[in-house]
Amino acid sequence: MTEILAVFRSRTQAADCKAKLAARGVKGVLVATPAEIKTGCGLSVKISAYDYNIALKVILGAEYAAFTGFARRGKSGRYYINMG
């Protein structure tokens with residue numbers, strides 16, 4: 001299963017996002033943002049790629065000012081950020 005990180009520059013907004021996702025039935029986990037991403041507050045919300053579309057709607061609907069984008073591991077094992 002592919003996992004995606006929703007990367008934030010705010011711990012508060014990352015935690016709020018996790019709660020909003022849970023209310024929609026999406027299991028999100030707060031995780032340390034990998035240092036190679038070089039952005040954020042140190043926390044991201046890890047979700048299944050299966051839940052990406054729901055997460056995108058939740059995040060865009062909440063208008064998080066601190067949302068940086070989604071990160072996914074590439075074939076090299078490194079994370080890459082793409083805006084949703």
Side-chain angles (χ1 to χ4, degrees):
M1 168 177 60
T2 303
E3 296 171 335
I4 296 173
L5 301 179
V7 181
F8 290 85
R9 292 185 309 267
S10 161
R11 290 177 168 269
T12 303
Q13 288 188 13
D16 184 73
C17 178
K18 180 187 177 299
K20 282 184 170 44
L21 290 171
R24 295 283 304 268
V26 173
K27 181 182 178 190
V29 178
L30 288 176
V31 297
T33 302
E36 67 195 66
I37 292 178
K38 297 180 183 170
T39 187
C41 63
L43 286 182
S44 294
V45 182
K46 181 170 67 172
I47 60 166
S48 163
Y50 177 80
D51 293 319
Y52 171 79
N53 288 330
I54 295 170
L56 179 61
K57 288 178 186 176
V58 167
I59 290 169
L60 294 179
E63 298 182 358
Y64 292 117
F67 175 65
T68 302
F70 290 100
R72 181 188 306 248
R73 268 192 213 269
K75 291 181 181 181
S76 69
R78 295 183 51 90
Y79 279 94
Y80 297 93
I81 285 200
N82 294 70
M83 278 303 290

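When reading the values below, keep in mind they use all heavy atoms of this one structure, side chains included, and skip hydrogens, waters and symmetry mates.
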Undergrad: Just how far is it from atom SG of C17 to atom CG of L43, taken to the nearest 0.5 Å?
TA: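 One finds 11.5 Å between SG of C17 and CG of L43.
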Undergrad: How many angstroms lie between atom CG of L30 and atom CZ of F8, to the nearest 0.5 angstrom?
TA: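 Here the interatomic distance stands at 9.5 Å.
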Undergrad: Excluding sequence neighbours, so at least two apart, what forms side-chain contact (heavy atoms from CB on, under 4.5 Å) with A22?
TA: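 Result, side-chain contact (heavy atoms from CB on, under 4.5 Å) vs A22: none returned.
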Undergrad: Of all heavy-atom pairs between I47 and A55, which one has the smallest distance, and what is that distance?
TA: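 In terms of heavy atoms, the two residues are closest at CD1-CB, 3.5 Å.
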Undergrad: Within a 6.0 Å radius of atom CD on E63, are there more than 12 heavy atoms belonging to other residues, nucleotides or ligands?
TA: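 Counting neighbours around CD of E63, 12 or fewer heavy atoms of other residues, nucleotides or ligands fall under 6.0 Å, so no.
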Undergrad: Would you mind listing every side-chain hydrogen bond (donor to acceptor under 3.5 Å, both in side chains) that reaches into residues 19-28, with sequence neighbours excluded?
TA: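 Listed by first then second residue: D16-K20.
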Undergrad: Given the rule that I, L, V, M, F, W and Y join up when any side-chain heavy atoms are under 4.5 Å apart, are L56 and V58 in one cluster?
TA: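 Same hydrophobic cluster.
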Undergrad: For a quick test of reading the model, state the closest non-hydrogen atom pair linking A49 to R72 and the distance between them.
TA: CB-NH1, 4.3 Å
Undergrad: Apply side chain to side chain contact (heavy atoms under 4.5 Å, CB included) to the pair L5 and T33, showing each step before the final yes or no.
TA: CA-CA 8 Å; L5 301 179; T33 302; 5.6 Å; no
Undergrad: Nearest heavy-atom pair of Q13 and Y64: which atoms, and what distance?
TA: OE1-CB, 3.2 Å
Undergrad: Is the backbone N or O of I4 less than 3.5 Å from a side-chain atom of Y52, with the two atoms forming a donor-acceptor pair by type?
TA: no
Undergrad: Do V45 and L60 belong to the same hydrophobic cluster, where Ile, Leu, Val, Met, Phe, Trp and Tyr are linked whenever their side-chain heavy atoms lie under 4.5 Å apart, directly or via other members?
TA: yes
Undergrad: Applying the 4.5 Å side-chain criterion to the ILVMFWY set and letting contacts propagate, would Y50 and I54 be lumped into a single cluster?
TA: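 No, Y50 and I54 fall in different hydrophobic clusters.
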Undergrad: Is there a chain of hydrophobic side chains (I, L, V, M, F, W, Y, each step under 4.5 Å between heavy atoms) that links V29 to I37?
TA: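 They do share one cluster, since a chain of ILVMFWY contacts under 4.5 Å joins V29 to I37.
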